[in-house]
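Notes follow once the structure below has been shown.
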Amino acid sequence: MTSTEHPEPAPEADSPGAERTWFVVPLFNEGEVIGDVIRALRTRYPLVVCVDDGSADASARIAEEAGAAVVRHPFNLGQGAALKTGIDYALRDPGMRQVVTFDADGQHQVDDAAAMIALREEEGVDVVLGSRFLDGRTRPGLIKRIVLRGAVWYSNITSGVRLTDAHNGLRVLGREACEKIAIEQNRMAHASEIVEEIGRHELTVREHPVHILYTDYSRSKGQSVLNSVNIVIDMLFR
């Protein structure tokens with residue numbers, strides 16, 4: 001595993017808490033969009049680390065050119081492993097107070113992340129989780145909606161944490177939560193594992209409505225349905 005040094009803050013970044021917040025972006029073959037995603041983030045939040053999880057394209061180089069720190073896995077380990085690597089990287093910064101997990105494919109919104117950061121800092125909770133089901137902005141397809149509802153049911157039973165959306169990748173984790181949560185599931189089951197860890201450590205948690213953009217790009221890669229199937233498989237066999 002190799003990495004760059006921590007990047008210098010972008011001079012235009014002025015969002016509250018920006019100097020204390022690291023964005024962790026798992027990265028796998030997203031060269032077409034990752035530059036725009038990183039540039040949009042760094043206009044407000046300069047501290048971004050991408051974990052290149054064995055990409056076969058130029059994703060890592062493009063992310064570096066856009067100003068992100070990049071950590072490279074030598075081969076594909078899975079999104080859970082990438083998140084663990086990125087969180088461990090952010091914990092090396094003694095000034096870090098929170099981590100935001102953020103997707104590389106353009107589905108997450110910087111405004112939603114900012115609102116979640118503000119909620120965590122205002123209320124002093126350990127974790128803020130995004131939810132697609134607290135308002136009507138996000139419209140997943142029928143199959144994905146059914147799978148996600150099933151994941152919520154499973155997670156609520158196994159974790160003791162009552163949520164409306166258990167597999168949303170947009171999260172804000174305070175430093176204490178980052179230090180306590182152990183991610184051992186390398187692939188999609190990490191999402192259920194994170195919720196179980198929140199319950200096990202009795203961390204305080206809030207949900208916040210978010211708008212997930214299911215774009216032509218993500219649909220062309222088959223991510224929406226494929227990720228739903230991966231969730232089911234990893235939940236059954238982890």
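Throughout, numbering of the chain's residues begins at 1 and tracks the sequence.
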- Query: Is the shortest heavy-atom distance from the side chain of Val128 to the side chain of Val205 under 4.5 Å?
  - Reply: no
- Item | Approximate separation, where rounding is to 0.5 Å, of Glu19 CD and Leu47 CG | 8.5 Å
- Lys180 and Glu176 ion-paired at < 4.0 Å: yes
- Item | Hydrophobic cluster identity match, Val49 and Ile87, side-chain contacts under 4.5 Å | yes
- Message: Out of the candidates Arg171, His108, His190, only one should pair with Thr101 under the side-chain hydrogen bond (donor to acceptor under 3.5 Å, both in side chains) rule; please name it.
- Response: Arg171
- Query: Less than 6.0 Å separating the ring centroids of Tyr89 and Trp22?
  - Reply: yes
- Query: Side chains of Arg61 and Ile34: does their closest heavy-atom pair fall under 4.5 Å?
  - Reply: no
- Message: Hydrogens and angles aside, do Asp126 and Thr204 bring a side-chain donor and acceptor to less than 3.5 Å of each other?
- Response: yes
- If every non-hydrogen atom of Ala40 is compared with every non-hydrogen atom of Thr43, which pair is closest and at what distance? O-OG1, 2.8 Å
- Task: Supply the atom-to-atom distance Asp165 CG to Arg132 CZ, rounded to the nearest 0.5 angstrom.
- Result: 4.0 Å
- pair Glu207-Thr164: side-chain heavy atoms closer than 4.5 Å: yes
- Item | Minimum heavy-atom distance Glu121-Gln98, with the two atoms named | OE2-NE2, 3.0 Å
- Side chains of Val210 and Ser131: does their closest heavy-atom pair fall under 4.5 Å? no
- Message: Against Cys178, only a single residue in Val127, Asp88, Val99 fulfils side-chain contact (heavy atoms from CB on, under 4.5 Å); can you say which?
- Response: Val99
- Under a single-linkage definition using a 4.5 Å side-chain heavy-atom cutoff for Ile, Leu, Val, Met, Phe, Trp and Tyr, are Ile194 and Leu163 assigned to the same hydrophobic cluster? yes
